[in-house]
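None of these values were measured; they are calculated from a predicted model.
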There are 2 protein chains.
Amino acid sequence: MKFEAFKDSVRLSMEDICEEFLARNRDRIKVKKDRVAVKNLAKIFEATLRVSNEKGFASMSLRDLSREAGLSMGALYSYISSKDELLDMVQQQGRSLVFKILGEHIEEIPDPREKLKAGIQTHLYLSEVVQPWFYFSYMETKNLPRGVHRKAIEAELFTEKIFAGIIEEGIGKGLFRKVDPQMTSAALKAMLQDWYLKRWKHERRRLSVEQYAEFVIELMSAYLDAKEEKGG
Amino acid sequence: MKFEAFKDSVRLSMEDICEEFLARNRDRIKVKKDRVAVKNLAKIFEATLRVSNEKGFASMSLRDLSREAGLSMGALYSYISSKDELLDMVQQQGRSLVFKILGEHIEEIPDPREKLKAGIQTHLYLSEVVQPWFYFSYMETKNLPRGVHRKAIEAELFTEKIFAGIIEEGIGKGLFRKVDPQMTSAALKAMLQDWYLKRWKHERRRLSVEQYAEFVIELMSAYLDAKEEKGG
DNA sequence: AAATATCGAGCGAGCGCTCGTTTTTAATGT
DNA sequence: ACATTAAAAACGAGCGCTCGCTCGATATTT
């Protein structure tokens with residue numbers, strides 16, 4: 001699948017995301033009119049991601065956020081109940097995005113080779129479309145309070161298990177050689193994360209997400225297909 | 001080289017590191033007696049890394065640091081001139097560590113294959129010995145003020161260029177197939193970074209740094225040695 | 001007893017957050 | 001069409017507190 005096709009098929013503008021968020025969290029938003037709420041939530045999320053990804057969530061004051069979102073302190077507090085809750089809101093929405101989109105795009109592919117390719121592509125394409133969410137989730141995980149921190153760790157392991165499962169199935173069917181699925185999946189994940197963590201680098205190099213996806217798929221294929229023999 | 005041998009050959013206890021730091025920054029430490037200065041610098045660096053890596057540098061107050069290091073606010077300010085400078089001190093010392101050790105361990109190896117292996121091993125072993133420094137450098141880079149931020153980015157590209165250079169040389173000598181050295185090096189770097197960024201994961205899995213090094217070397221070899229043919 | 005090192009209360013600024021007030025919105029009666 | 005009005009939303013000065021940082025007093029070393 002091409003990136004542009006993917007981008008069009010998923011509806012993930014900031015407003016779309018906020019609409020979904022509002023539906024799932026209608027009770028904790030004090031503002032009653034959906035149209036108003038979605039519009040301002042979009043402002044708040046956008047500003048939170050922009051400012052936080054620049055200087056870190058802890059260093060973003062609510063006055064910064066208020067100014068950047070174009071809302072007063074009071075208005076801000078009609079949408080969040082505390083700064084900590086805001087952190088949780090962004091994290092939660094980011095995670096639910098991954099589950100939904102990644103699941104949708106690979107669940108019905110029977111061939112492990114194709115499934116692995118689709119998984120790599122989907123992860124990269126998705127992280128390209130919603131890069132600020134991915135970056136935020138990654139960088140602000142460690143600062144979370146205990147309970148929420150575990151949720152984030154589980155999410156990290158969740159995607160890893162998906163890829164490990166595909167690799168294991170491929171080994172079982174004799175398509176891949178006998179590698180360690182867990183380690184291989186971990187390495188793959190590291191490469192996927194590199195795409196959204198070091199975006200400045202890839203941009204500077206004029207590297208497209210499609211090129212990167214192809215590279216990662218080729219590298220993984222080389223490892224999974226290599227002959228067992230160890231000649232030197 | 002085995003990890004234990006590496007660990008013994010490099011002298012990188014907290015006191016060793018602080019001694020070197022003091023020598024290179026004698027002018028900006030107000031305390032005059034070296035013995036005292038090194039002892040307290042060690043306390044400060046240790047506490048900074050421990051607290052920052054737990055909750056983030058921005059969220060670590062100097063009162064936290066003062067308490068954890070066992071020094072009063074006043075004493076603290078005999079060693080640092082501001083919180084920002086402390087951030088810079090830790091970053092700088094972390095970087096100079098990598099340059100020195102990585103350079104020492106690979107500069108005189110002629111064979112690209114062996115040089116690549118040594119580079120991977122050294123990077124992983126070093127990041128294992130001084131993990132808190134590596135983790136701190138990675139996580140606290142984005143919060144740096146403009147000028148210092150560029151230094152950190154250059155450092156990121158520096159190590160990448162080392163590996164890209166080795167790969168390029170290997171291709172030139174016909175030892176590796178014609179891959180993109182820059183992308184390959186970037187992917188390798190992502191896997192090396194994963195080792196110190198996700199330590200909790202690898203620890204939980206009882207994975208040793210030697211096992212991980214072997215895995216990364218094997219994966220890279222599979223890619224670099226693979227036949228050009230693209231059969232399905 | 002002079003030099004060196006440590007101490008910690010205190011400063012002004014800025015933090016997260018609140019709440020009495022003002023402005024905007026939209027349904028109503030004429 | 002327009003004035004009325006109550007609900008809804010937005011406002012921002014101000015609260016208690018903690019922040020980074022200073023400095024005169026005190027303790028330790030030589």
Legend entry - Exercise: identify the closest heavy-atom pair between A/I29 and A/Y79: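 Shortest heavy-atom separation between A/I29 and A/Y79 comes out as CD1-O, 3.4 Å.
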Legend entry - Shortest non-hydrogen contact between A/L157 and B/R205, atoms and distance: CD2-NH2, 3.6 Å
Between [X] and [N], is there a contact of a side-chain N or O with OP1 or OP2 at under 4.0 Å?
X: A/Y79; N: D/dA10; value: yes
X: A/S72; N: D/dA10; value: no
X: B/N40; N: C/dA5; value: no

When the distance from [atom1] of [X] to [atom2] of [N] is rounded to whole Å, what number comes out?
X: A/K39; N: C/dT24; atom1: NZ; atom2: P; value: 13 Å
X: A/E85; N: C/dT18; atom1: CD; atom2: P; value: 12 Å
X: A/R67; N: D/dG12; atom1: CZ; atom2: C1'; value: 14 Å
X: A/K30; N: C/dC17; atom1: NZ; atom2: C1'; value: 10 Å
X: B/D64; N: D/dT18; atom1: CG; atom2: P; value: 12 Å
X: A/Y77; N: C/dG20; atom1: OH; atom2: P; value: 17 Å
X: A/L76; N: D/dA10; atom1: CG; atom2: P; value: 11 Å
X: A/R63; N: D/dG14; atom1: CZ; atom2: C1'; value: 10 Å

Inset, instruction - On DNA chain D, check which nucleotide each of A/V31 and B/L62 is closest to and give me the residue with the more 5' one. - result: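 This one resolves to A/V31.
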Legend entry - Of B/I80 and B/K33, the one whose closest DNA chain D nucleotide lies more 5':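 Result: B/I80.
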Which nucleotide in the set [options] lies at the smallest distance from any side-chain heavy atom of [X]?
X: A/M73; options: C/dT6, D/dC21, C/dT18; result: C/dT18
X: B/V36; options: D/dA10, C/dA5, C/dC7; result: C/dA5
X: B/L71; options: C/dC7, D/dG12, C/dT25; result: C/dC7
X: A/S61; options: C/dT6, D/dG20, C/dG16; result: C/dG16

Inset, instruction - Scan B/S82 against the nucleic acid and name what it touches under 4.0 Å (heavy atoms): base, sugar-phosphate only, or nothing. - result: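 The answer is sugar-phosphate, as B/S82 gets under 4.0 Å only of primed atoms, P, OP1 or OP2.
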Inset, instruction - Name the nucleic acid region contacted by A/D84, choosing base, sugar-phosphate or nothing; use a 4.0 angstrom heavy-atom cut-off, strictly under. - result: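 Result for A/D84 = nothing.
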Inset, instruction - Check whether NZ of the Lys or CZ of the Arg A/K83 lies under 6.0 Å from the centre of the six-membered ring of A/F57 and within 45 degrees of that ring's axis. - result: yes
Inset, instruction - Can you measure from CH2 (A/W195) to OH (A/Y125) and round to the nearest 0.5 angstrom? - result: 10.5 Å
Legend entry - salt bridge (charged side-chain N to carboxylate O under 4.0 Å, His left out) between B/E54 and A/K142, intermediate numbers included: CA-CA 7 Å; B/E54 170 106 19; A/K142 70 166 191 298; over 6 Å; no
